[in-house]
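All of these numbers come straight from a predicted model, not from anything done at the bench.
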Amino acid sequence: MRTNDAVAHVDVQIPVAEGQQVTGGLWLPEGEVRGAVVVHSATATPQRFYRSFAAFLAGNGFATLTYDYRGLGRSGDPREHRSLRMRDWMAQDVPAVAAWARARLSEMPHFAVGHSVGGHALALGYGTDGLSGFAMVSSHAGVTAAIDDRSERFRVGMFFALAPTLSKVLGYAPSRLAGFGEDIPAGVVQDWAPWTRRTDYFFEDPTMQAAERMRRVRIPVLAIGAADDPWATPAQIDAITGRLVSAPLERRTYSPDGIGADRVGHHGLLRRGVGEPVWTEIVEWFRTRPSPPQGLAAGA
C-alpha cells in the first residue's frame, strides 16, 4: 500500500438544498484511478481531520472527496444555519455530495466511507445510489445510558441536557466548549439530543422511518469500530448494523494492541499515526467489491 501524500488536491463547491452549497476537497491519484470514494464526516468533525486518510486513498488509486456539512468547518458559520437539523445533513447534504461525485467521476466504481453520523446516513440509504459498497466507521446508536464509563456518561448527558437550551440562546450548539469538536448548528441538537435519551435511538422517532429505510439497503457494508471507543461500543454498533437485514455485512472490531496503538477511541481509526493498518484493509475491501448492475439503485 502506498502512503505517499504527494497527490493532487483541489477545492470544490458543491450545490445542496435550497440554493446553498458546501465546500469540499477532491484528492486525485497521480496514476491509474481505480475508483471514487466520498467521505461523510462525523458530527462536529471538519473535513480537515480526514485529509491524511483521503491522501492515503488517493495514493492507492481512489479519487476521494471530503467536505463539510452546512454550518460546519468551511461550509459556513453554524449561526448562519441555526435551523439546520441533523436529519438535513443526512437527507440533503449527503445525497447531494454523492450525486455531484457520481456526475464528475463517472465510468468508475464508487464507494463511500461514513464516520459516525456519516455512517448513519449511508445505513439509512442516503447517498448510496450507484455504490459498489460502503464502510461505516464507529457508527453507533448514540444512547447516552449505554455508555459504560460513569464519568463519560455524565459528561455526555450534561451536554445533551444543556445544549438544546443553550443553542436557542446562542444560535449554535457549543460543542467545542464541551470538548466534542467544532460548534454545530442549533437545529442539529434539536434532533440529536432527544435521540440520545431513547433506548433505541432514532429508531424510536417515527418521522425518521429508520428501520424501514435500513431494510431497503442491499449493497455490501463494512462496519468497523474500536474496542476502546467509549461511545461506539461493539454492542452499540450492532444496534445499527443489526437493522441492515438485506445487506451483505462484514463486522470488524479493532483493539489498540491489534493495530499497534496506545489508544484508538472514537476518531482514531481515521487518524494518521493510529489508523493506517485499518486504512489498508478498507482499500482491500473496496478493491474486492463487484460493480453494481447498471441502472440499479444501490439502496433500493
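Leu122 is connected to Met214 through a chain of hydrophobic side-chain contacts under 4.5 Å among Ile, Leu, Val, Met, Phe, Trp and Tyr, so both are in one cluster. Cluster annotation: Val12 and Val22 are assigned to the same hydrophobic cluster (Ile/Leu/Val/Met/Phe/Trp/Tyr, side-chain heavy-atom contacts under 4.5 Å, transitive). Using a 4.5 Å cut-off between side-chain heavy atoms of Ile, Leu, Val, Met, Phe, Trp and Tyr, with links allowed through other members, Leu72 and Phe159 fall into the same hydrophobic cluster. No continuous path of hydrophobic side-chain contacts links Ile237 to Val278 [ILVMFWY only; heavy atoms under 4.5 Å].
Using a 4.0 Å cut-off between charged nitrogen and carboxylate oxygen, Glu182 and Arg48 count as a salt-bridge pair. A salt bridge is absent between Glu152 and Arg150: the closest approach of a Lys/Arg side-chain nitrogen to an acidic carboxylate oxygen does not fall below 4.0 angstrom. Here Arg70 does not pair with Asp88 in a salt bridge; the nearest charged N to carboxylate O distance is not below 4.0 Å. Under the 4.0 Å criterion applied to side-chain N and carboxylate O atoms, Asp183 and Arg79 are not assigned as salt-bridge partners. The pair Asp68-Arg74 does not meet the salt-bridge criterion, since no charged nitrogen lies less than 4.0 angstrom from a carboxylate oxygen.
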Stepwise salt bridge (Lys or Arg N to Asp or Glu O under 4.0 Å) test for Arg243 and Asp200: CA-CA 12 Å; Arg243 307 289 185 138; Asp200 208 11; 2.4 Å; yes

Let's go through Ile259 and Glu281 carefully: what are the C-alpha distance in whole Å and the side-chain angles of both, what is the deciding distance for side chain to side chain contact (heavy atoms under 4.5 Å, CB included) to 0.1 Å, and is it a yes or a no? CA-CA 11 Å; Ile259 60 173; Glu281 293 191 19; over 6 Å; no

Step-by-step side chain to side chain donor-acceptor pair (under 3.5 Å) determination, Glu250 to Trp285: CA-CA 10 Å; Glu250 293 184 42; Trp285 190 84; 2.9 Å; yes

Step-by-step side chain to side chain donor-acceptor pair (under 3.5 Å) determination, His115 to Thr45: CA-CA 9 Å; His115 184 199; Thr45 305; 5.2 Å; no

Take Val264 and Tyr254 through the side chain to side chain contact (heavy atoms under 4.5 Å, CB included) test and state the conclusion after the steps. CA-CA 9 Å; Val264 181; Tyr254 297 91; 6.0 Å; no

Can you check side chain to side chain contact (heavy atoms under 4.5 Å, CB included) on Arg287 and Val283, steps first, answer last? CA-CA 6 Å; Arg287 287 177 174 173; Val283 167; 3.6 Å; yes

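Under the 3.5 Å distance criterion, the side-chain polar atoms of Arg153 are matched with a main-chain donor or acceptor of Ile147. Side-chain N or O atoms of Asn60 include one that pairs as donor or acceptor with a backbone N or O of Phe56 at under 3.5 Å. With hydrogens and angles ignored, the 3.5 Å screen pairs no side-chain donor or acceptor of Thr165 with any backbone N or O of Leu162. Side-chain N or O atoms of Thr196 include one that pairs as donor or acceptor with a backbone N or O of Ala193 at under 3.5 Å. Not one N or O on the side chain of Gln92 forms a donor-acceptor pair closer than 3.5 Å with the backbone of Ala17. With Arg251 contributing its side chain and Ala223 its backbone, the two residues share a donor-acceptor pair below 3.5 Å. No side-chain donor-acceptor contact under 3.5 Å links Thr23 to the backbone of Ser75. Between the side chain of Gln209 and the backbone N or O of Pro206 there is no donor-acceptor pair closer than 3.5 Å.
The aromatic ring centroids of His40 and Tyr69 lie 6.0 Å or more from each other. Between Phe134 and Phe111, the distance from one ring center to the other does not fall under 6.0 angstrom. A centroid separation of less than 6.0 Å is found between the aromatic rings of Phe202 and His120.
Taking the six-membered ring for Trp and thresholds of 30 and 60 degrees, His267 and Phe49 have ring planes more than 60 degrees apart, a perpendicular arrangement.
More than 12 heavy atoms of other residues, nucleotides or ligands shown are found within 6.0 angstrom of CG on Asp11. Heavy atoms of other residues, nucleotides or ligands lying less than 6.0 angstrom from CZ of Arg51 number 12 at most.
In terms of the salt bridge (Lys or Arg N to Asp or Glu O under 4.0 Å) criterion, Asp228 has no residue partners (sequence neighbours excluded).
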Residues 94-110, side-chain donor-acceptor partners within the protein, below 3.5 Å, at least two apart:
unit_1, atom_1, unit_2, atom_2, d
Arg102, NH1, Asp129, O, 3.3
His110, NE2, Leu105, O, 2.5

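Between Arg289 and Pro220, the shortest heavy-atom distance links the atoms CD-CB, 4.0 Å.
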